[in-house]
Amino acid sequence: MKILVLNSGSSSIKFQMLDMSSEEVLLRGLVERIGLEESAISWKTDGDQHKKTLQIPGHKEGLSAVLDILTDSEHGVISDFNEIDAVGHRYVHGGEEYKDSAVVTAEDIPALEKLNHLAPLHNPHNLVGVKAMLELIPQVPNVIVFDTSFHSRMPEKAYMYALPYELYEQYGIRRYGFHGTSHHYVALEAAAMLGRPFEEIKVITCHMGNGTSFSAVQNGHSVDTSLGFSTMCGIPMGTRAGDFDPGILTHLLNTGDFTPESLHDLIYKKSGMLGVSGISSDMRDIEQKAWNEKDKRAQLALDLVHYNAKKFIGGYLAVMNGADALVFTAGIGENGWETREEICSGMEFLGIKIDKEKNKVRGKRVDISAPESRIKVLVIPTNEELMIAKETLELTQEK
Ligand code: ADP
């Protein structure tokens, strides 16, 4: 079975062709600068990197270029489109309508369009990718895998805010959660590492990249997660504030110095590690300044990330009455051993103790727990594309 995985953004499309018999990536690449000058497609097979600049006015042309590369006589990995068994699309928001990944046809387009307002920066572009594939290779089934669906079975008390109930009914204001594909993948892999059934274990998954979210996973699904209605809350991120008193927003609006748009920019693009440090949103830059130059604001940015991460882990341990594993993933979680060490320090009381030497690894799947740690602490590199391909395979094989 060969599955094409697509992640359609505003001006780019990431793609991967996987052979699911071996879970091997046959070809991966990126279409960039869609609709702009010097648009290009780059791709990699067996370590060989290639790039071609060409006119790509829209997503349909971009995906057509992807199909051309896949079937190219020199660089391609298939001889015919019919060798693609299914296409899996990363899709950010499934709202309350899509609780699971779904096979999508032209009939679903109106329902998907209705979700655009929930993730206006992502869903419309994801949808354009779906529409283009339905037109370009209509004979191949398409599956959409939502970032929200792993969280769709959270209990009401975890997803509702203590706001007037009418806001939920009228505007769909509730916690949805994001990064679900990543949380799902690493939680499944954690179960495999523990050698226990996924449905029987409790896991806290810490996805720490430019965007960060932690999830409490129990009974095979997420029971709580740190991102909410939007992707701005929870633990401080590269440029996003994380949790803060919403009274600050109304206070700032009342000063007359801010508009709703400038406040959005402030908490989405200018806060987090960037806002606190005044240096960068990138963890490596912050660590370098904090440790090598003893920069106080860079250190404060790190402290805010570590401290709030601890609070979420403690909260999820309380909610689930313990956990079998704590998993770190994504750019910071996989590579930042110093971050892992800081977050896990002083949590012996809760049953978390890492082996500091084992922890000193970057980007590798490894159990970093000390022998006496009641909770296994694991580093598991995420693989959202593989998870999307697995879901796609499962749904299309059933058909
Ligand atoms: P995205 O959310 O955009 O997919 P990533 O998962 O790639 O982001 O994570 C990006 C973050 O990972 C950045 O803050 C980067 O500094 C951090 N990161 C990458 N490598 C390391 C490293 N060796 N040590 C610490 N942080 C790292």
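Whatever order the structure lists them in is the order used to number ligands and atoms, beginning at 1.
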Atom 17 (C) of ligand 1: nearest protein contact (heavy atom, Å): Ile332 CG1, 3.5 Å
I need the nearest protein heavy-atom contact for atom 16 (O) of ligand 1: residue, atom name and distance, please. Asp282 OD1, 2.5 Å
The protein heavy atom nearest to atom 7 (O) of ligand 1 is Gly331 CA, 4.2 Å
Is any NZ, NE, NH1 or NH2 atom of the basic residue among Arg365 and Glu189 found under 4.0 Å from an Asp or Glu carboxylate oxygen of the other? yes
Between Thr329 and Thr382, is there a donor-acceptor pair closer than 3.5 Å when you use the side chain of the first and the backbone of the second? yes
Check Arg33 with Glu38, please: is the shortest side-chain N to carboxylate O separation under 4.0 Å? no
Does the separation of the ring centres of His151 and His183 fall below 6.0 angstrom? yes
I need the atoms of ligand 1 closer than 4.0 Å to a non-hydrogen atom of Gly211, numbered in the order shown. 2 (O)
Tell me the protein heavy atom at minimum distance from atom 13 (C) of ligand 1, and give that distance in Å. Asn210 OD1, 3.8 Å
Between His93 and His122 (judged by ring centroids, cut-off 6.0 Å), do the two rings come close enough to count as a pair? no
Have a look at ligand 1 and work out which part of Glu338, if any, has a heavy atom under 4.0 Å from it: side chain, backbone, both or neither. neither
Heavy atoms only: which of Arg284, Glu334, Arg340 is nearest to atom 20 (N) of ligand 1? Arg284
Less than 4.0 angstrom from a charged side-chain N to a carboxylate O is my criterion; do Asp324 and Arg196 meet it? yes
Please state which protein non-hydrogen atom is closest to atom 21 (C) of ligand 1 and give its distance, to 0.1 Å? Asn335 CB, 3.4 Å
If you scan protein heavy atoms around atom 24 (N) of ligand 1, the nearest is Arg362 NH1, 3.5 Å
Go through ligand 1 atom by atom and flag the ones less than 4.0 Å from a non-hydrogen atom of Met283. 14 (O), 16 (O), 26 (N)
Within a distance of under 4.0 Å, is there any protein heavy atom near atom 4 (O) of ligand 1? no
Is the backbone N or O of Thr225 less than 3.5 Å from a side-chain atom of Arg175, with the two atoms forming a donor-acceptor pair by type? yes
Report yes or no: is the cationic atom of Arg174 (NZ for Lys, CZ for Arg) under 6.0 Å from the centre of the six-membered ring of Tyr176, at an angle within 45° of the ring normal? yes
